[in-house]
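In what follows, chains carry the letters A, B, and so on, assigned in the order in which the sequence lines appear, proteins first and then strands, with residues in each chain numbered from 1.
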Amino acid sequence: MGTLPGFRQFFPQECALRDNIFDTWRRTAKAFAFQPYEAPTLEPLELYIEKSGQEVVDQLFCFQDKGGRAIALRPELTPSLAAMVGAKAAALKRPIKWFNVGECYRYERPQKGRLRAFYQFNADILGEAGPGADAELIALMITTFQNFGLTEQQVHIRLSDRTLWLQALSSWGVPQEQLFAVLNIIDKREREAAQQVIAKLEALHLEGEKLLQAIDHLSSLRSLQAIEAFLNTNKHHEPLISRLEDWKVLMAQLEAMELLPFITIDLGIVRGLAYYTGFVYEAFERSGQGRALAGGGRYDTLVEKLGGPQLPAAGFAMGDVTLQDCLQAHNCLPAQAPQAAVFIAITEESLRPQALRLTQQLRRHGLQVQGTLKPTSLNKQLEQAQHVGAHHALTVSPEGLVAKDLRNGHSEVVKEDVVVEWLRAKGHSCPLGSPFDSDLLKC
RNA sequence: GUGGUUGUAGCUCAGUUGGUUAGAGCAUUGGAUUGUGAUUCCAAGGGUCGCCGGUUCGAGUCCGGUCUGCCACCCCA
């Protein structure tokens with residue numbers, strides 16, 4: 001029996017790679033002072049109906065549990081987060097900056113960059129309505145890419161704004177009740193022929209041709225100045241002018257953080273998820289290859305819809321599958337860490353007790369240490385030392401302790417009572433630190 | 001969900017117009033040698049040829065179905 005379609009087994013090599021990615025996610029989130037939280041993987045089906053949009057609902061992994069409850073494996077984290085924050089909102093200091101690394105599930109046809117079970121890095125800011133929160137999230141997204149070694153030549157963020165669209169459409173005479181239908185049409189515009197789009201707009205009793213022309217033009221603009229100039233031809237539409245002020249603040253902050261090279265203004269992005277309300281963005285490879293690496297935006301009404309207080313919110317998610325493909329394509333996969341740093345060998349079996357004492361001593365200092373588990377020739381032992389990637393082999397012999405640098409072959413005799421200091425001097429850090437502060441970097 | 005494509009040892013692949021006990025390289029394990037390692041040599045394990053059914057005296061090879069992987073649609077992480 002194989003694994004279920006779209007699910008993965010992680011052998012040690014894949015596991016190491018995955019954990020490397022997780023580490024970078026967590027490290028970067030903590031550098032931005034986000035706090036880790038956890039939500040259930042299984043949630044009531046109801047949490048996703050009507051909140052996430054039809055597309056997500058269609059891909060839900062859902063079933064009935066033994067108690068007859070309709071439940072779903074989480075397809076994303078945002079509704080769970082919004083519910084959690086909503087429940088305790090009154091007691092939480094603002095801004096609320098939380099992150100999570102966890103598995104999500106979507107029942108869809110697996111292919112490149114898309115599986116049924118995948119890990120996501122989620123980061124959200126709640127309780128701050130201004131563009132400073134959007135800037136911080138976009139900065140976290142970009143810095144994460146940078147920490148993987150990706151540059152602005154390789155990836156970029158396509159930045160858009162649903163608020164701007166809604167106001168522009170209103171000013172063009174689209175009635176209130178049709179705004180979201182038109183937004184959906186814009187979302188699919190990139191993949192549809194003009195005639196089809198016009199037909200869809202006319203079905204809504206709108207001036208298809210004229211409206212499409214305006215939509216296409218606005219989507220094609222790549223600078224704030226150009227957008228401003230275009231919208232100003234509509235004369236003094238107050239909300240539009242104040243929205244452009246938000247844009248200026250956002251762009252100024254991104255510029256101050258020296259992140260502008262990563263940003264492409266592209267109003268062609270609208271995003272399918274129903275709950276987005278303001279700035280929205282998706283990260284892609286510059287080449288246009290592959291799927292979205294990350295996506296996010298503002299969702300100011302979701303917390304309230306889930307029964308919480310009115311609370312502004314924004315966030316993004318980054319997936320491991322698509323990110324791994326991208327890192328591989330750009331030669332940014334992290335190097336594999338060795339299995340052991342130090343190998344303890346013995347010249348004869350009678351020395352094993354002494355070797356085991358030394359092994360344990362080094363392990364208690366947090367070094368990664370390995371020896372053989374059964375009688376083995378010295379040559380085999382050193383071969384094994386090489387195989388597990390150890391930098392040094394310590395051979396216990398009747399003449400004393402011989403330390404060999406396996407990278408250059410040099411050997412020297414080391415006194416056993418100074419071996420820890422000797423290894424430290426040779427660059428062996430203690431990756432675990434003292435046994436009790438080792439969790440600082442984990443979440 | 002729709003369409004296309006794929007499937008032989010852990011991995012990469014051979015396997016002639018259907019014809020006896022299905023092969024190689026790498027990897028793994030064991031042994032020999034070198035006696036504080038990366039060499040060399042020898043050997044072994046490992047495959048109901050994705051699965052089910054059909055055609056045939058005979059199927060890894062032909063046909064049908066099915067599953068999985070991959071690609072596109074769809075959409076997104």
Side-chain angles (χ1 to χ4, degrees), chain A residues 1-9 11 13 21 25 52-60 74-78 100-123 141 144-145 158 184 187-188 190-192 269-274 276 280-285 290-297 315-326 343-348 372 374 376-413:
Chain A
M1 272 224 295
T3 48
L4 258 13
F7 283 73
R8 292 170 286 178
Q9 293 172 321
F11 288 85
Q13 201 178 336
I21 288 173
W25 282 348
S52 302
Q54 193 53 42
E55 271 117 18
V56 169
V57 171
D58 288 342
Q59 304 172 342
L60 232 33
R74 62 183 183 200
E76 54 158 340
L77 218 62
T78 309
N100 173 269
V101 172
E103 202 169 28
C104 292
Y105 310 85
R106 291 185 198 173
Y107 194 89
E108 52 185 342
R109 195 86 157 243
Q111 55 183 275
K112 193 177 184 63
R114 188 172 74 182
L115 299 175
R116 285 184 178 179
F118 52 95
Y119 293 94
Q120 273 192 346
F121 170 35
N122 272 264
M141 187 190 274
T144 305
F145 288 134
R158 298 170 71 189
N184 266 323
D187 185 37
K188 303 206 187 329
E190 238 178 9
R191 301 177 289 273
E192 275 180 342
I269 297 276
V270 180
R271 294 184 63 74
L273 289 175
Y276 284 117
V280 289
Y281 36 89
E282 290 178 355
F284 283 92
E285 290 193 44
R291 303 168 178 286
L293 298 163
F316 72 83
M318 185 180 298
D320 74 309
V321 182
T322 189
L323 176 67
Q324 226 178 89
D325 288 344
C326 174
F343 196 94
I344 308 288
I346 45 178
T347 55
E348 49 196 86
T372 57
K374 62 174 184 185
T376 314
S377 76
L378 186 52
N379 267 313
K380 286 277 186 212
Q381 294 181 64
L382 291 167
E383 202 174 301
Q384 198 182 341
Q386 178 77 25
H387 185 75
V388 298
H391 285 175
H392 284 91
L394 298 178
T395 303
V396 180
S397 77
E399 291 76 40
L401 197 57
V402 181
K404 178 161 189 163
D405 188 324
L406 292 163
R407 288 164 297 183
N408 57 28
H410 293 317
S411 294
E412 59 181 287
V413 177

Give one of base, sugar-phosphate or nothing for A:Lys112, where a contact means two heavy atoms less than 4.0 Å apart.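 Sugar-phosphate contact only - A:Lys112 comes under 4.0 Å of backbone atoms but never of a base.
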Ring-base stacking, A:Phe118 with B:rA77 (5.5 Å, 30° cut-offs):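 Here A:Phe118 meets both the 5.5 Å and the 30° conditions.
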When you measure from the side chain of A:Arg116 to the backbone N and O of A:Glu108, does any donor-acceptor pair fall under 3.5 Å?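 Yes.
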Output yes when a side-chain donor or acceptor of A:Arg106 lies under 3.5 Å from a complementary backbone atom of A:Glu76, and no otherwise.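 No, A:Arg106 side chain to A:Glu76 backbone: no donor-acceptor pair under 3.5 Å.
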Base partner of [N], which must satisfy Watson-Crick or wobble distances under 3.5 Å:
N	answer
B:rU34	none
B:rC26	B:rG10
B:rC73	B:rG1

For a quick test of reading the model: is some side-chain N or O of A:Arg158 closer than 4.0 Å to OP1 or OP2 of B:rC76?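 No, A:Arg158 has no side-chain N/O under 4.0 Å of OP1/OP2 on B:rC76.
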Out of B:rC76, B:rA72, B:rU36, which has the shortest distance to the side chain of A:Arg109?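 The listed nucleotide nearest to A:Arg109's side chain is B:rA72.
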What's the gap between [N] and [M] when it is taken at their [atom1] atoms, as a whole Å value?
N	M	atom1	value
B:rC57	B:rG18	C1'	12 Å
B:rC73	B:rA14	P	29 Å
B:rU8	B:rC71	C1'	23 Å

